[in-house]
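These notes concern the structure reproduced below.
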Amino acid sequence: MDFDTITSISTPMGEGAIGIVRLSGPQAIGIGDKLYKGKKKLSEVNTHTINYGHITDPETNEIVEEVMISVLRAPKTFTREDIIEINCHGGILTINRILELTMTYGARMAEPGEYTKRAFLNGRIDLSQAEAVMDFIRSKTDRASKIAMNQIEGRLSDLIKRQRQSILEILAQVEVNIDYPEYDDVEDATTKFLLEQSKNIKEEINRLFDTGAQGKIMREGLSTVIVGRPNVGKSSMLNNLIQDNKAIVTEMAGTTRDVLEEYVNVRGVPLRLVDTAGIRDTEDIVEKIGVERSRKALSEADLILFVLNNNEPLTEDDQTLFEVIKNEDVIVIINKTDLEQRLDVKEVKEMIGDIPLIQTSMLKQEGIDELELQIRDLFFGGEVQNQDMTYVSNSRHISLLKQARHSIQDAIDAAESGIPMDMVQIDLTHTWEILGEIIGESASDELIDQLFSQFCLGK
């Protein structure tokens with residue numbers, strides 16, 4: 001597939017030690033030769049080398065920047081095209097000047113995700129691997145980056161391709177049955193083979209689908225909201241979990257006026273931790289806005305940490321708030337156990353039933369380990385599975401696996417009911433096509449364009 005030559009800045013904008021301008025396409029090295037002055041032309045150096053020299057403006061012969069240029073020749077590159085990467089100092093003016101020169105002399109600005117899109121279209125990676133590139137960039141924990149790296153390396157792709165190949169083998173056997181309907185033994189053997197193989201495929205799809213809940217949490221983080229009345233210790237809990245003083249902590253109720261959000265790794269579980277303004281009736285306009293935002297965060301939460309004050313009796317506001325959240329995934333925390341107990345714990349236990357209850361002192365940092373273990377147990381059944389497992393973490397993949405599982409079950413049900421093989425073949429073919437969407441072998445151009453548009457510029 002022939003493309004034009006694209007260019008973009010591949011490092012974050014702003015001051016830094018190094019900035020990189022990347023070009024990919026048939027004219028990448030030629031454009032580099034127009035701008036680069038060194039011992040040799042870039043077209044004469046060996047592939048996969050880095051070369052010292054200067055970028056100059058061909059029109060004025062002015063030296064623009066001292067650079068190191070990597071030269072990578074097709075096909076052994078990320079895009080399977082010629083690539084050069086111009087490494088320069090990280091100043092905004094300099095790197096923009098080099099980008100402008102590359103466009104002046106033949107390249108065009110790359111679209112978001114276009115380098116990875118070219119890698120996909122040129123057969124370097126499949127669609128699931130391409131999506132994993134962005135998952136890797138956005139990963140918030142070591143485990144999330146490990147899952148993404150496994151997908152980049154093709155573990156998910158290999159599993160999907162094996163299941164699609166198994167379906168093709170079933171379809172070939174079905175074709176024999178359709179072509180020779182007069183032989184009863186062929187039909188019996190085909191039905192037996194179809195059921196056996198289809199159930200194996202369904203089992204593998206189920207196994208992948210079952211990793212989706214954990215994988216999605218690893219990829220996106222568990223949206224966790226800390227909620228309670230003002231001054232029960234919510235901000236102190238946030239600070240203890242992230243091990244930093246991001247939230248202001250005072251004895252004055254209503255100090256937190258807005259929603260604070262931080263990512264934290266708790267026992268291998270990534271939390272998108274949200275500290276909310278205390279929910280109460282207030283006449284303070286600013287605090288009232290914070291309370292409304294807190295209510296919105298509650299409605300979107302995967303986990304709610306409901307904090308009570310050990311030093312105060314249970315209030316009507318506490319009970320009202322609990323009624324709002326009791327049908328969600330909740331952990332109740334009785335905080336400030338370092339102070340005199342005025343809270344009736346027995347009454348709290350009767351109110352919450354089987355919901356987990358943890359007692360903590362954020363001041364003395366007591367109960368935090370127990371809280372972290374409870375969060376892990378609640379969502380991962382006590383342990384996070386092996387890092388070497390092939391997880392499905394992408395919402396699109398999870399949805400397609402659900403469809404594939406339904407379709408293969410339709411094929412199994414049809415075969416067991418004695419429905420003609422040409423009808424069973426329709427469900428099997430549909431399953432094959434759905435699995436192909438995961439790796440991009442049967443994905444529409446519109447879907448591909450939409451997925452890559454979500455990538456960052458320069459990747």
Side-chain angles (χ1 to χ4, degrees), residues 120-121 123 125-132 150-213 215-216 385 388-448 451:
F120 164 68
L121 294 174
I125 54 177
D126 65 35
L127 197 55
S128 67
Q129 290 172 295
E131 290 171 285
N150 284 344
Q151 291 191 10
I152 291 172
E153 291 173 351
R155 289 197 184 186
L156 176 61
S157 302
D158 290 343
L159 284 171
I160 296 298
K161 288 173 182 175
R162 284 203 298 271
Q163 302 317 309
R164 296 187 87 219
Q165 181 59 37
S166 296
I167 293 173
L168 288 179
E169 292 169 4
I170 299 172
L171 290 172
Q173 190 73 21
V174 169
E175 285 293 337
V176 172
N177 179 259
I178 293 171
D179 291 342
Y180 300 98
E182 64 274 17
Y183 297 106
D184 292 338
D185 56 340
V186 172
E187 182 175 353
D188 292 342
T190 299
T191 302
K192 182 180 178 182
F193 177 75
L194 185 152
L195 286 171
E196 182 180 306
Q197 293 299 106
S198 295
K199 287 175 180 178
N200 288 340
I201 293 167
K202 182 190 171 187
E203 185 177 331
E204 184 60 33
I205 291 173
N206 277 337
R207 193 195 68 75
L208 279 174
F209 184 80
D210 289 344
T211 68
K216 194 167 184 288
Q385 295 183 26
D388 292 330
M389 279 189 62
T390 301
Y391 283 86
V392 179
S393 59
N394 185 294
S395 297
R396 187 181 74 87
H397 301 168
I398 294 169
S399 174
L400 289 169
L401 283 171
K402 186 176 183 179
Q403 294 175 45
R405 182 172 65 176
H406 186 271
S407 183
I408 196 75
Q409 185 61 54
D410 285 346
I412 292 170
D413 292 343
E416 289 179 336
S417 302
I419 290 176
M421 282 295 163
D422 54 345
M423 300 300 292
V424 178
Q425 188 181 37
I426 294 173
D427 290 323
L428 287 170
T429 302
H430 186 48
T431 306
W432 182 83
E433 290 172 345
I434 292 170
L435 293 176
E437 283 191 49
I438 294 176
I439 57 178
E441 292 192 7
S442 56
S444 67
D445 291 342
E446 291 80 6
L447 172 63
I448 291 168
L451 289 175

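If you read the sequence from its start, that first residue is 1, and numbering goes on from there.
Between Arg405 and Glu203, none of the side-chain N atoms (NZ, or NE/NH1/NH2) sits under 4.0 Å from a carboxylate O, so this pair counts as no salt bridge.
Note: Phe120 CZ to Ile125 CD1 = 8.5 Å, rounded to the nearest 0.5 Å. Remark: Gln197 CD to Gln163 CD distance equals 9.5 Å, nearest 0.5 Å. One distance of note links OG of Ser157 with CG of Leu127; it measures 9.0 Å at 0.5 Å rounding. Here CD of Gln409 is found 10.5 Å from OG1 of Thr431. Values are rounded to the nearest 0.5 Å. Note: Leu156 CG to Asp126 CG = 8.0 Å, rounded to the nearest 0.5 Å. In this structure, OG in Ser417 is found 12.0 Å from CE in Met423, a value given to the nearest 0.5 Å.
For the side chain to side chain contact (heavy atoms under 4.5 Å, CB included) test, residues two or more places apart in sequence or in another chain that qualify with Ala411 are Val424, Asp427, Leu428. In terms of the salt bridge (charged side-chain N to carboxylate O under 4.0 Å, His left out) criterion, residue partners of Glu204 (sequence neighbours excluded) are, by chain and number, Arg207.
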*Would you please test Asp413 and Ile419 for side-chain contact (heavy atoms from CB on, under 4.5 Å) and show each step?*
CA-CA 9 Å; Asp413 292 343; Ile419 290 176; over 6 Å; no
_Could you go through Glu433 and Glu441, starting from their C-alpha distance and side-chain angles, then the distance that decides it, and tell me whether this counts as side-chain contact (heavy atoms from CB on, under 4.5 Å)?_
CA-CA 8 Å; Glu433 290 172 345; Glu441 292 192 7; over 6 Å; no
*So Thr191 and Met421, side-chain contact (heavy atoms from CB on, under 4.5 Å) or not? Walk me through it.*
CA-CA 8 Å; Thr191 302; Met421 282 295 163; 3.0 Å; yes
*Test log, rule side-chain contact (heavy atoms from CB on, under 4.5 Å), inputs Ile160 and Leu208*: CA-CA 10 Å; Ile160 296 298; Leu208 279 174; 4.2 Å; yes
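The backbone N or O of Ile438 lies less than 3.5 Å from a partner atom in the side chain of Arg396, making a donor-acceptor pair. With hydrogens and angles disregarded, a donor-acceptor distance shorter than 3.5 Å links the side chain of Arg164 to the backbone of Trp432.
Summarising the geometry of Leu159 relative to Arg162, their closest heavy-atom pair is CD2-NH2, 2.7 Å, with the distance given to 0.1 Å. Across all their heavy atoms, Ser198 and Ile408 have their closest contact at O-CG1, 3.8 Å.
Leu400 has its side chain out of reach of Leu435: every pair of non-hydrogen atoms, C-beta onward, lies at least 4.5 Å apart. A 4.5 Å side-chain heavy-atom check between Arg155 and Asp158 finds every atom pair outside the cut-off. You'll find the side chain of Gln403 stays beyond 4.5 Å of the side chain of Glu437, heavy atoms only. Residues Gln173 and Leu194 fail the side-chain proximity criterion, which asks for heavy atoms closer than 4.5 Å. By the 4.5 Å heavy-atom criterion applied to side chains, Glu131 and His397 are counted as neighbours. The side-chain heavy atoms of Ile398 and Lys402, taken from C-beta on, include no pair separated by under 4.5 Å.
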